[in-house]
Amino acid sequence: ATLIMASDDFELELESDTLELESEPSQVAKRFITKIDFQIEASDIENMQSQIITALTLKTKKGDLSFTKYVGTQDEED
């Protein structure tokens, strides 16, 4: 799996430490939990500290899962 963290002017791509992902059943019926480990370097943390992450993308063999920052309208904030 690959995790991509992006901001307006920065992108960090992390590769999973394991090649195969294993899911375990959770306490909620028909739900599973998958643990994924990523190694991040100290220099990458320093570069990210001044960034505002706007998108996270998890890429796996079975597909991609993207999360983006929601920007509401002024009406929603009032």
Side-chain angles (χ1 to χ4, degrees):
T2 303
L3 179 65
I4 301 169
M5 294 183 275
S7 70
D8 290 337
D9 59 348
F10 181 80
E11 184 173 289
L12 178 62
E13 191 169 313
L14 302 172
E15 293 293 328
S16 172
D17 291 345
T18 56
L19 296 176
E20 295 292 324
L21 303 179
E22 294 183 21
S23 297
E24 300 173 2
S26 73
Q27 295 179 357
V28 178
K30 299 181 183 179
R31 304 283 182 187
F32 291 85
I33 297 173
T34 303
K35 296 178 184 178
I36 307 172
D37 293 327
F38 295 96
Q39 181 71 31
I40 187 166
E41 302 298 325
S43 59
D44 291 329
I45 293 171
E46 290 175 14
N47 290 335
M48 288 183 56
Q49 286 181 338
S50 63
Q51 303 295 320
I52 296 174
I53 302 299
T54 56
L56 290 173
T57 302
L58 179 63
K59 294 184 173 196
T60 66
K61 289 180 189 176
K62 293 186 177 182
D64 298 350
L65 182 60
S66 295
F67 299 92
T68 56
K69 180 180 175 185
Y70 175 75
V71 179
T73 63
Q74 184 64 32
D75 293 340
E76 292 176 340
E77 296 175 7
D78 290 337

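Nothing here was measured: the structure is a model prediction, and the numbers come from that model.
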Got a second to check how far Thr60's OG1 is from Leu3's CG, nearest 0.5 Å? 12.0 Å

Answer whether the closest heavy-atom distance between the side chains of Lys61 and Leu21 falls below 4.5 Å. no

Got a second to check how far Leu58's CG is from Ile36's CD1, nearest 0.5 Å? 4.5 Å

Quick note, side-chain hydrogen bond (donor to acceptor under 3.5 Å, both in side chains) partners involving residues 31-52, not counting sequence neighbours, are Ser7-Gln51, Ser23-Thr34

To the nearest 0.5 Å, tell me how far Leu65 CG sits from Leu56 CG. 9.5 Å

Going by side chain to side chain donor-acceptor pair (under 3.5 Å), name the residues that satisfy it together with Glu11, two or more places apart in sequence or in a different chain. none

Sequence-distant partners of Thr2, side chain to side chain donor-acceptor pair (under 3.5 Å), two or more places apart: Glu15

In Å, rounded to the nearest 0.5 Å, how long is the span from CG of Asp64 to CD1 of Ile4? 7.5 Å

Counting distance only, does the side-chain N/O of Thr68 pair as donor-acceptor with the main-chain N or O of Thr54 below 3.5 Å? no

Measure the spacing between CD of Glu13 and CZ of Phe38 and express it to the nearest 0.5 Å. 10.5 Å

Tell me, yes or no, whether the heavy-atom count around Ile45 atom CD1, taken from other residues, nucleotides or ligands under 6.0 Å, exceeds 12. yes

